[in-house]
Engineer: 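Sharing a structure here in structure tokens format.
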Amino acid sequence: MSTGGGEKKSGKGGVLGCSIIAALILLVVVVPILWSMWSEGLIDGTDESVETAPVFGPRDAGRLVERLSAASAAQGVCYGWVIESGRTRAIPKVTPSYSGTPAPMPTRPSSPAPTETGPSVIEREMIETELEELNDPGVEYGSNLGVGIDPRQRPQQCPKWVVLTADYTYDRTGQYWSNGYLSVDTSSDLDLNRYNLSSVYVDALGQSTRSGPDDDYDNFFGPHAIARLADAISALPLMVAEEGLAPPPPVAPGAEGTAQGAPPGDTLPRSSLARPIFTGVGIVLIAGGVVWIAVAAVRKRRSTTS
Amino acid sequence: MSPPKPRPGAGQGGKRGLKGPAIGSMLLVGLGVTVLLLALFAGRTSPRGWIPQNYTRVAPGTYQAQDPPLRVASRITSRFKTEHRVYTPGGIFLRYHNAVVAILPSGRGSRITVDDPDRGYARYHSSVGGAWGGPGGRASSFRGGGPGEGK
């Protein structure tokens, strides 16, 4: 009878131990996964606004225009972007919000002065076709001249231009970009195409879309796709200067070592609590395991000696 | 004299009693070590020590590179994964847990500055403000309302 009681007791201990392990696995593995799914919007249903929300909001669009405008004024090259977001609904045009005045600066005349030759008839036809596609639903575009203005629409103002096109595949079920491809087109006088520009540019940004063990998933359709797309657009003037086709763009403020300072209360996010919490969980798990086996050993020793 | 009766729970029963806790505690310790190692070392990479060994120091915390900014940035990010990064026409900014690395155009090459995170954020606030931090530490720029990012 007492033997049965011991087995019962031992069985109870096993069940308790298994329950503790299951609870800990739930806490350490399942909860973070569910949390990340929720934060990514995967378990909170569909959101209609994602279907029509502009990729760049007013402040982001204004920031892009300002950055490109300053570089364009210094380099005499117009910079633009076209985003084919893969969505089928019309995206409302954003009114950019600028941090200061004036907003877009006029482009400095190219030096030497633009030639009268311009694009050939075939090139002009190709450009016209691409410009017609700007009216397709799901397409957003802008440039140093403003949102909704493609430099190719202003050949007098922009004889030299570089336009980055981001072509995405949109997953309607998951409401995210499942794939993406960048291409860079230039005016014929910049003649950058011989460098197989797009792949060179993508590699230079360290954001290759190639798959493999060293793949950098933080790319144009990854978790920070919009920030990476903004990077690709903003770095166009650096690339043009790198190829020796224009002088370097103005260096960012702060380069001379004088800290500009951020407005009061504007800081980097404080360190996440995740690291100390998970460190604590790890220590508790290890301690729990050690205590468990120690208690079991002491109990066994007592039971064998008594 | 009859031999003593085996005590309930001893012998085979006792062995069985210790086997369960041993397996359980090993699982627990293994899980704990995994969680602890991930918490301590995951994502902790920085070029802070690598940059002085590979570029010419021209001033405290400032280095000169012969390559242009995009190439320098590509070289650094391929070796050291960033926590965040911002590319602008005026320079490239890489954020690590212990440093802000700025790669700025300088003639045909680049100038590289290395700062502590808070100082680097303040120094280059006009370029990275809003993207890395903001009022109350909340970033707001280029986070998107469209399909590119989580809500």
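By convention in this document, chain letters (A, B, ...) are assigned in the order of the sequence lines, proteins followed by strands, and residues within each chain are numbered from 1. Since the structure is predicted, the reported quantities are computational estimates derived from the model, not experimental observations. Heavy-atom basis, side chains included; hydrogens, waters and symmetry copies ignored.
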Engineer: Would you mind checking which part of B/Thr88 comes under 4.5 Å of any heavy atom in chain A, side chain (CB onward), backbone (N, CA, C, O), both or neither?
Structural biologist: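 Both the backbone and the side chain of B/Thr88 come within 4.5 Å of chain A.
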Engineer: Which one wins on heavy-atom pair count under 4.5 Å against chain A: B/Gly32, B/Gly90, B/Pro89?
Structural biologist: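 With the most close heavy-atom pairs to chain A, the winner is B/Pro89.
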Engineer: Quick check: closest heavy atoms across B/Ala99 and B/Val114, and the distance to 0.1 Å?
Structural biologist: CB-CG1, 4.2 Å
Engineer: At a 4.5 Å cut-off on heavy atoms, which part of B/Ala102 comes close to chain A: side chain, backbone, both, or neither?
Structural biologist: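 No part of B/Ala102 comes within 4.5 Å of chain A.
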Engineer: Counting only non-hydrogen atoms closer than 4.5 Å, does B/Arg75 touch chain A with its backbone (N, CA, C, O), its side chain (CB onward), both, or neither?
Structural biologist: neither
Engineer: Examine distances only and state if a side-chain atom of A/Ser85 and a backbone atom of A/Gly138 form a donor-acceptor pair shorter than 3.5 Å.
Structural biologist: yes
Engineer: Between the main-chain N or O of B/Val72 and the side-chain N or O of B/Asp67, is there a donor-acceptor pair closer than 3.5 Å?
Structural biologist: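 It does not hold such a pair.
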Engineer: Name the option with the most non-hydrogen atom pairs under 4.5 Å to chain B; the candidates are A/Gly244, A/Ala241, A/Ala61, A/Pro250.
Structural biologist: A/Pro250
Engineer: Would you say the side-chain atoms of A/Asp266 and B/Tyr121 include a donor-acceptor pair closer than 3.5 Å?
Structural biologist: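 Distance-only check passes for A/Asp266 and B/Tyr121.
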Engineer: Taking the six-membered ring for Trp and the single ring otherwise, decide whether the centroids of B/Phe80 and B/Trp50 are under 6.0 Å apart.
Structural biologist: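 Close enough - the centres of the two rings lie under 6.0 Å apart.
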Engineer: Tell me if a side-chain donor or acceptor on A/Ser234 pairs with a main-chain N or O of A/Asp231 at a distance below 3.5 Å.
Structural biologist: no
Engineer: What's the verdict on side chain to side chain donor-acceptor pair (under 3.5 Å) for B/Tyr55 and B/Ser110, showing C-alpha distance, side-chain angles and the deciding distance?
Structural biologist: CA-CA 10 Å; B/Tyr55 298 102; B/Ser110 312; over 6 Å; no
Engineer: Using a 4.5 angstrom heavy-atom cutoff, name the option from A/Pro263, A/Ala71, A/Ala297 with the most pairs to chain B.
Structural biologist: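 The residue among A/Pro263, A/Ala71, A/Ala297 with the greatest pair count is A/Pro263.
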Engineer: Which one of B/Gly61, B/Pro105, B/Gly30 has the most heavy-atom pairs closer than 4.5 Å to chain A?
Structural biologist: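 If we count pairs closer than 4.5 Å to chain A, B/Pro105 comes out on top.
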Engineer: Heavy-atom distance under 4.5 Å to chain B: side chain of A/Pro248, backbone, both or neither?
Structural biologist: side chain
Engineer: Please look at B/Leu31 and chain A and tell me whether the side chain, the backbone, both or neither of the residue comes under 4.5 angstrom of a heavy atom of that chain.
Structural biologist: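 When you check distances to chain A, atoms from both the backbone and side chain of B/Leu31 fall under 4.5 Å.
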